[in-house]
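What follows is a single structure, written as structure tokens, with notes after it.
Here the structure is a predicted model, which is why all the values come from computation and not from measurement.
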Amino acid sequence: MSRVKLTVNGQTVSREVPDNTLLSQFLREDLRLTGTHVGCDTSQCGACLVHVDGRAIKACTTLAVSLDGADVTTIEGVAYGDDLHPMQTAFNTHHGLQCGFCTPGMVMAGIDIVTRYQAMGQPLTEAAIREELEGNLCRCTGYHNIVKAIADAAQTMSGAAKAAQ
């Protein structure tokens, strides 16, 4: 057993956990943040994607104790109070979901993709979005509306970033 202390969605949490506790287990079972889905347990599907210190990682293969002191953001932490994150709004607008199982991971991937491309000053093309999503599986939509949602959110997020400067 080890003590892990994290900031999760802006709140400091500290727990004693077995050393082999996966981040996905910690989030879902200990913190009851069930938006982080576990679909494969092998890091293949991306349903468990969260952000750790601003970078997307797959929580189903990451030990919670390895992240002691980290800042973790889950799907529950991306909205701004009652206002959805632009990526969540775009997924809703473009119906970038069907059953919803992969949606939290897709939204988290989309935010990461847009943030990285904006930081690099590179244009985010449809081809780039499709390539970036290779680590996220959706069995329902065929990705077309997911790609449209991410492209739309990129425009909104770009405008918000410019307004903040």
Side-chain angles (χ1 to χ4, degrees), residues 2 4 6-9 13 15 17-79 84-92 94-120 122 124-154 157:
S2 295
V4 63
L6 303 168
T7 301
V8 180
N9 299 332
V13 295
R15 301 276 197 291
V17 297
D19 293 338
N20 63 348
T21 300
L22 296 171
L23 180 59
S24 57
Q25 290 172 285
F26 181 73
L27 294 171
R28 290 182 62 79
E29 296 170 18
D30 290 26
L31 302 184
R32 295 294 188 214
L33 296 171
T34 57
T36 302
H37 295 161
V38 179
C40 68
D41 283 324
T42 60
S43 195
Q44 300 295 312
C45 74
C48 67
L49 207 68
V50 298
H51 295 174
V52 175
D53 295 331
R55 296 194 47 125
I57 68 148
K58 293 184 178 175
C60 75
T61 54
T62 304
L63 294 173
V65 295
S66 72
L67 299 175
D68 191 48
D71 183 17
V72 178
T73 304
T74 69
I75 190 69
E76 291 91 348
V78 298
L84 294 177
H85 186 281
M87 190 65 67
Q88 293 171 302
T89 300
F91 265 72
N92 186 37
H94 294 282
H95 197 66
L97 53 100
Q98 292 279 317
C99 76
F101 189 81
C102 73
T103 305
M106 289 288 189
V107 168
M108 298 304 282
I111 294 168
D112 180 66
I113 293 165
V114 171
T115 302
R116 283 188 292 108
Y117 273 74
Q118 287 179 350
M120 294 184 292
Q122 293 183 341
L124 185 57
T125 64
E126 180 180 330
I129 294 169
R130 288 184 181 280
E131 183 176 331
E132 290 279 350
L133 285 176
E134 286 182 356
N136 292 74
L137 300 178
C138 176
R139 292 173 178 93
C140 300
T141 69
Y143 299 90
H144 184 70
N145 290 344
I146 293 169
V147 173
K148 286 188 341 187
I150 293 171
D152 183 36
M157 291 168 67

side-chain contact (heavy atoms from CB on, under 4.5 Å) assessment of Arg15 paired with Leu31: CA-CA 10 Å; Arg15 301 276 197 291; Leu31 302 184; 3.5 Å; yes
Any chance you could lay out the side-chain contact (heavy atoms from CB on, under 4.5 Å) test for Ile57 and His51, step after step, and finish with the verdict? CA-CA 6 Å; Ile57 68 148; His51 295 174; over 6 Å; no
Step-by-step side-chain contact (heavy atoms from CB on, under 4.5 Å) determination, Ile113 to Leu124: CA-CA 9 Å; Ile113 293 165; Leu124 185 57; 3.7 Å; yes
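Ser2 and Asp19 share a donor-acceptor pair across their side chains, judged by distance under 3.5 Å alone. Thr73 and Asn9 form no side-chain donor-acceptor contact under 3.5 Å, judged by distance and modelled atom types alone.
Using a 4.5 Å cut-off on side-chain heavy atoms (C-beta onward), Val17 and Asp30 make contact. Proximity of Phe91 to Leu84: side-chain heavy atoms (C-beta onward) are nowhere separated by under 4.5 Å. A heavy-atom distance below 4.5 Å is found between the side chains of Cys138 and Met106. Under the 4.5 Å side-chain criterion, counting only non-hydrogen atoms from C-beta, Leu23 is not in contact with Lys58. Side-chain contact between Thr7 and Val72 is absent, with no heavy atoms from C-beta onward closer than 4.5 Å.
Checked against ring pair (Phe, Tyr, Trp, His ring centres under 6.0 Å), His85 has the following partners two or more places apart in sequence or in another chain: Tyr80. Listed by chain and number, the residues in a ring pair (Phe, Tyr, Trp, His ring centres under 6.0 Å) with His94 amount to none (sequence neighbours excluded).
Atom CZ in Arg28 sits 10.5 Å away from atom SG in Cys48 (nearest 0.5 Å). One distance of note links NE2 of His37 with SG of Cys60; it measures 13.5 Å at 0.5 Å rounding. Atom CG in Leu27 sits 6.5 Å away from atom OG1 in Thr74 (nearest 0.5 Å).
Crowding of Glu131 atom CD: a count of heavy atoms from other residues, nucleotides or ligands under 6.0 Å not exceeding 12.
Under a 3.5 Å cut-off, the side chain of Ser66 and the backbone N or O of Thr62 do not form any donor-acceptor pair.
Residue pairs that meet the salt bridge (charged side-chain N to carboxylate O under 4.0 Å, His left out) test with at least one member in residues 132-147, sequence neighbours left out, are Arg116-Glu132.
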